[in-house]
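These notes are about the structure you will find just below.
Everything quoted here is computed from the prediction, not taken from an experiment.
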Amino acid sequence: MRSFWNALPVEGRWLLSTVAIQTLGRGLTLPFTIIYLHEVRGFDLGFAGALMSLIAITGLVVTGPGGTLIDRIGAKRVLIVGLLAMIAGCVLLAFATHPAVATIAVMLIGVNFGVSWPGFNALIAAVVDGEVRQQYFGVNFALVNLGIGVGGVIGGFFVNVDDPGTFTAIFLVDALSCLIPLGLLLGPLRNVRTHSEESDGEAKSGGYREILRRPAVLWLTLLTFISVFIGYGQMEAGFPAFARQVSGVSTQVVGFAFAVNTAVIVLLQFAVLKLINGRRRTRVMQVMALIWAASWIILGATGFLPGTLAAAIGVIAYMGVFAFGETMLQPTVPAIYNDLASDRTRGRYNAINAAAFQGGAITGPLVAGVMLGEGLGGWFIGVMVAGALIVCLLALALERVVPQAANGVTVDA
């Protein structure tokens with residue numbers, strides 16, 4: 001950690017030192033937004049769920065134009081607009097008693113989600129490079145989880161559905177937390193340049209169609225989509241639904257499993273970064289996929305002993321094993337995208353990454369809802385394991401076409 005910190009430029013230290021604090025606000029609201037909309041504001045559960053989906057859908061819609069703007073005018077300006085939208089959305093949602101107000105609020109939040117991923121990744125890539133960049137993405141991921149995890153714990157003790165003021169407070173804190181990255185962009189990071197100074201004609205080249213024609217980008221995008229589909233896309237839908245309906249565990253066990261997930265990521269990320277340093281990123285992805293396959297098999301086995309202590313232990317073990325695999329995803333995929341990109345296309349490459357992530361996050365819950373709603377728990381686990389094996393094959397295909405430098409292999413001059 002000391003050598004990594006010393007290798008960072010000042011701008012990188014500013015970015016990394018505030019990550020856990022600025023994501024604390026998001027952790028306060030993330031687990032409780034749908035509860036707030038349904039139980040506090042009285043919106044129909046179906047409508048509340050649609051509002052949650054609208055955040056992801058809005059983010060997916062603005063990701064493409066956002067990536068282009070990042071390359072044209074720079075990540076800082078786009079991020080500032082996104083953060084202002086997030087602040088406005090959180091404040092509106094804190095006092096939203098009418099469905100129309102809540103709809104506008106979640107769309108504003110979705111705008112920020114759509115531009116923040118490619119924007120901050122482009123900003124990070126402009127500040128750090130080489131092996132330090134891969135390490136940065138991993139450490140950043142651990143700190144994000146730490147902030148969200150601590151925020152979720154605090155929020156769980158603080159909010160009360162019988163006191164709407166507690167929910168108003170956490171959404172206002174979420175809005176205030178956005179002032180931290182906003183202050184960084186307007187202060188210490190104001191001189192960081194994330195877009196090329198090439199002519200307008202050169203800046204307009206490298207459109208999405210041209211980028212996606214690159215075999216490495218195509219395979220990497222498919223791999224990202226499938227990984228999120230069987231991974232993050234199931235964290236808020238497939239996993240808790242299976243744990244409750246098939247494994248028969250309590251909500252307390254589900255909540256503790258999420259806490260274990262955060263703890264494993266925070267505790268193991270640094271060790272994993274040391275292990276994967278200098279190794280082919282595609283091979284790391286294959287290991288990740290096999291670990292995820294094992295985790296889903298563990299969760300599936302809990303369905304044979306529903307409602308028992310063994311099932312509870314299995315559910316928690318699933319989250320721990322799955323989290324171990326997560327520590328291998330974030331240091332590798334964003335690093336490959338940014339090593340494939342040039343300064344004038346970095347925003348669009350990261351937008352493609354974000355779009356693949358959001359696509360998996362949208363389709364994952366839909367498939368889980370249909371399959372588990374029809375009582376197809378065993379088939380659901382089978383689809384998840386098959387998805388993990390597909391990720392292994394995609395990583396093998398990617399290794400054949402991706403440049404060695406982008407794959408984390410040091411190439412002598």
* Look at Arg348 together with Asp71 and state whether they make a salt bridge at an N to O cut-off of under 4.0 Å. =>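 Looking at Arg348 and Asp71, the cut-off is met.
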* salt_bridge(Asp174, Arg26) N-O dist < 4.0 Å ->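 Yes, charged N to carboxylate O under 4.0 Å.
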* **Result of checking Val132, Leu273, Val333, Asn338 against Phe137 for side-chain contact (heavy atoms from CB on, under 4.5 Å)** => Asn338
* Which residues satisfy the side-chain contact (heavy atoms from CB on, under 4.5 Å) test with Leu396, sequence neighbours excluded? -> Gln286, Arg400
* side-chain contact (heavy atoms from CB on, under 4.5 Å) between Thr363 and Phe225, worked out -> CA-CA 10 Å; Thr363 56; Phe225 172 80; 3.6 Å; yes
* Pro118 to Ala354 - nearest heavy-atom pair and separation -> CD-CB, 3.9 Å
* To do: Mind jotting down which residue pairs meet the salt bridge (Lys or Arg N to Asp or Glu O under 4.0 Å) criterion with at least one end in residues 372-388? Sequence neighbours excluded, please.
  =>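 Non-adjacent pairs meeting salt bridge (Lys or Arg N to Asp or Glu O under 4.0 Å): zero.
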* To do: Name all pairs fulfilling the salt bridge (Lys or Arg N to Asp or Glu O under 4.0 Å) condition that reach into residues 154-167, sequence neighbours left out, sorted by first residue then second.
  => none
* To do: Please list, chain by chain and in numerical order, all residues satisfying salt bridge (Lys or Arg N to Asp or Glu O under 4.0 Å) with Glu399, sequence neighbours excluded.
  =>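 Arg283.
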* **Steps toward side-chain contact (heavy atoms from CB on, under 4.5 Å) verdict (Ile80, Leu186)** => CA-CA 9 Å; Ile80 289 171; Leu186 295 174; 3.6 Å; yes
* To do: Answer yes or no: does atom CE of Met371 have more than 12 heavy-atom neighbours from other residues, nucleotides or ligands under 6.0 Å?
  => yes
Below 3.5 Å, can you tabulate the donor-acceptor pairs from side chains in residues 7-18 to any protein atom, sequence neighbours excluded?
unit_1, atom_1, unit_2, atom_2, d
Arg13, NE, Trp5, O, 3.2
Arg13, NE, Leu8, O, 3.3
Arg13, NH2, Trp5, O, 3.3
Arg13, NH2, Asn6, O, 3.4
Ser17, OG, Arg13, O, 2.9
Ser17, OG, Trp14, O, 3.1
Thr18, OG1, Trp14, O, 3.4
Thr18, OG1, Leu15, O, 3.3
Thr18, OG1, Gln22, OE1, 3.3

* To do: Just grab all the side chain to side chain donor-acceptor pair (under 3.5 Å) pairs involving residues 314-323, residues at least two apart or on different chains.
  => none
